[in-house]
2 protein chains.
Amino acid sequence: MAVRKERVDAARNREAVLAAADALFARSDSPRGVSMDDVAAAAGVGKGTLFRRFGDRTGLIRALVEARIEPLRQAVESGPAPLGPATPPYERVPALLDAVLGFKLANRHLALALEETGSGSPYQAEHYQWWHATLRQTLDGLPGLADSSFTAHALLAATRADLVEHLAGTEGMTAEGMRTHIAAYAKQVLGQ
Amino acid sequence: MAVRKERVDAARNREAVLAAADALFARSDSPRGVSMDDVAAAAGVGKGTLFRRFGDRTGLIRALVEARIEPLRQAVESGPAPLGPATPPYERVPALLDAVLGFKLANRHLALALEETGSGSPYQAEHYQWWHATLRQTLDGLPGLADSSFTAHALLAATRADLVEHLAGTEGMTAEGMRTHIAAYAKQVLGQ
DNA sequence: AACCATACGGACCGGCAGTCCGCTTTGTAA
DNA sequence: TTACAAAGCGGACTGCCGGTCCGTATGGTT
C-alpha cells in the first residue's frame with residue numbers, strides 16, 4: 001500500500017497557506033478579522049486550493065495548532081519529569097496545567113481562534129479530549145478525589161483561551177501572574 | 001424629565017419578539033440554527049423592528065436572559081440564606097455556584113446562545129461581571145485564599161455553558177450529578 | 001511524447017447580520 | 001373631529017463570508 005506522494009506544487013502551497021494564516025492571525029486583533037479569502041489572497045493561492053487542502057476553516061486552524069503543539073505532546077507522552085508520565089501526580093498535575101496555560105499564552109491568537117470557531121464545541125476537539133484524558137489519568141493516581149473526570153474538566157476550564165485573553169487584556173494580568181495563580185489554584189484543588 | 005411612554009404597538013411587538021425568540025431557541029439544537037430573520041418571521045414582525053428594539057443579536061439574547069435571571073439576582077442581592085448576602089461564605093460560595101449551574105441547566109439554550117454569540121467575549125457581559133464580583137466578595141470573607149478574583153474566575157469557568165452542554169450531552173451526565181460534582185469541587189477548592 | 005491523476009483558482013451560491021427609507025400608526029392638541 | 005408630528009413599522013437591500021463547482025493547468029509516470 002504505497003503512500004501517494006504529495007505533489008511538489010501542493011506541498012509548496014500548503015506551506016504558503018500555513019505561513020500566511022499564521023501571520024494573519026497573529027496580526028489581527030480577533031480571529032474573526034481574518035477571513036478565508038484573506039488567507040487565500042495572502043498566500044497567493046485560490047480559495048479552492050485552500051478548502052481542498054484543509055476542508056474548512058476549523059481544519060485550517062487545527063492544522064496550525066497541531067503543528068505548534070507537537071513538541072509539547074511529545075514531552076507529555078514520553079518526556080522526562082515534570083511533564084512526562086513518570087512524574088508523581090502531585091507534581092505532574094500543576095505541570096500539565098502550566099503547560100496548557102503556557103501554550104495558550106504563547107499562541108493566544110491560535111488558541112482563541114480554535115475555541116471561537118463555532119463548528120462544534122471546543123470539547124469535541126481531539127486535542128481537548130487528549131488533554132482531558134491525560135489529566136484525568138494523572139488525577140486518578142491521587143487519593144481522595146471525588147471525580148477525576150469532572151475535576152479535569154474544571155481545571156482545564158480555568159485555562160480557557162477567552163479567559164486568558166480577558167485576564168491578559170482587560171485585567172492587565174501578566175503571564176507570570178497567571179502562571180502563579182493557576183499553580184496556587186491547582187495546589188488548592190489537590191488539597192495542598 | 002418625563003419618561004416617554006412606550007407606544008402600545010411597540011410594546012405588543014416587543015412581547016411578540018421575546019416570546020418568539022424564546023420558543024425558537026428552545027426548539028433549535030444550536031443557537032446558530034436561529035437567525036434574526038427566523039425570529040422576525042416567527043414574531044410576525046419586520047426585521048427593522050427587531051433591530052431597532054434590540055440593537056443587535058446579542059442585545060436580543062441578553063434581553064431574554066435578563067428577564068429570566070431577574071428573580072435569581074434578587075435572591076442573591078437581598079434574599080435569605082443560602083443565596084443572600086448574610087450567608088456565611090463557606091455556605092454561600094457553593095450556593096452561588098449551584099445557582100449559576102442551575103440557571104444554565106434550566107436555560108441551556110439561552111446560556112449557550114449568550115456565550116456563543118461572538119460580539120465580544122462572555123467576560124465583557126454585564127451579568128458575568130456581576131456574578132464574578134459577587135463571588136469574589138464572598139471569597140474575600142474566607143481566610144487563606146491566594147487570590148479571590150482569580151479563584152472566582154476559575155470557579156465560574158467550571159460552569160461554562162458549553163461545558164455543561166458537553167457533560168449533559170456527550171457524557172450523559174444528569175443535572176443532579178453535575179450539581180453534586182460542582183458542590184464537591186467547590187468544597188475542595190475552599191479546603192473542605 | 002502521451003496520458004491522466006492531481007491540483008489549481010476564482011466565479012459563483014446561499015445565507016446571514018445589520019441598514020435604509022418610504023409608509024403607517026399612535027397619541028395629542030386644537 | 002380633525003390635523004399633525006413623532007414614533008414605529010417592514011421588507012428590500014447591502015456587504016460579507018464560508019464553502020462549492022468546474023473548466024483549465026501541471027506534475028509525475030510509462
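Quick caveat: nothing in here was measured; it's all calculated off a predicted structure. Proteins get letters first, then strands, A, B, ... in listed order; numbering begins at 1 in each.
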### Query
Does the ring center of B:F25 lie less than 6.0 Å from the ring center of B:H109?
no
### Set of residues satisfying side chain to side chain contact (heavy atoms under 4.5 Å, CB included) with respect to A:T174, sequence neighbours excluded
A:E176
### Query
In terms of side-chain heavy atoms, does A:Q124 have a donor or acceptor partner in B:T170 at a distance below 3.5 Å?
yes
### Task
Consider only side-chain N and O atoms of B:R136 and B:S149, and report whether a donor and an acceptor are under 3.5 Å apart.
no
### Message
For B:Y185 and A:Y185, take the angle between the two ring planes, folded into 0 to 90°, and tell me which bin it lands in: parallel under 30, tilted 30 to 60, perpendicular over 60.
### Response
perpendicular
### Task
Please state whether the rings of A:H166 and B:Y123 are parallel, tilted or perpendicular, taking 30° and 60° as the class boundaries.
parallel
### Query
Salt bridge between B:E126 and B:R73, side-chain N to carboxylate O under 4.0 Å?
yes
Find the distance [X]:[atom1] to [N]:[atom2] and express it as a whole number of Å.
X	N	atom1	atom2	answer
B:L60	C:dC16	CG	C1'	15 Å
B:L50	D:dG8	CG	C1'	14 Å
A:F54	C:dA7	CZ	C1'	14 Å
A:F51	C:dC12	CZ	P	18 Å
B:R14	D:dA7	CZ	P	17 Å
A:R53	C:dG9	CZ	C1'	14 Å

### Query
Taking a hydrophobic cluster as the set of Ile, Leu, Val, Met, Phe, Trp and Tyr residues connected by side-chain heavy atoms closer than 4.5 Å, whether directly or through intermediates, do A:L110 and A:L112 fall within one such cluster?
no
Might you list the N or O atoms of the protein lying below 3.5 Å from N or O atoms in nucleotides 27-30 of chain D, with each pair's distance?
none

### Query
Does some side-chain heavy atom of A:R68 sit less than 4.5 Å from a side-chain heavy atom of A:F103?
yes
### Task
Please check the phosphate of D:dC17 (OP1 and OP2 only) for any side-chain N or O of A:R57 closer than 4.0 Å.
no
Polar atom pairs (N or O), protein with nucleotides 10-14 of chain D, under 3.5 Å:
from: D:dG10; atom 1: OP2; to: B:G46; atom 2: N; distance (Å): 3.1
from: D:dG10; atom 1: OP2; to: B:T49; atom 2: OG1; distance (Å): 3.0
from: D:dG11; atom 1: N7; to: B:K47; atom 2: N; distance (Å): 3.4
from: D:dG11; atom 1: O6; to: B:G48; atom 2: N; distance (Å): 3.1

### Message
By nearest heavy atom, map A:A10 and B:M36 onto DNA chain C; which one lands nearer the 5' end?
### Response
A:A10
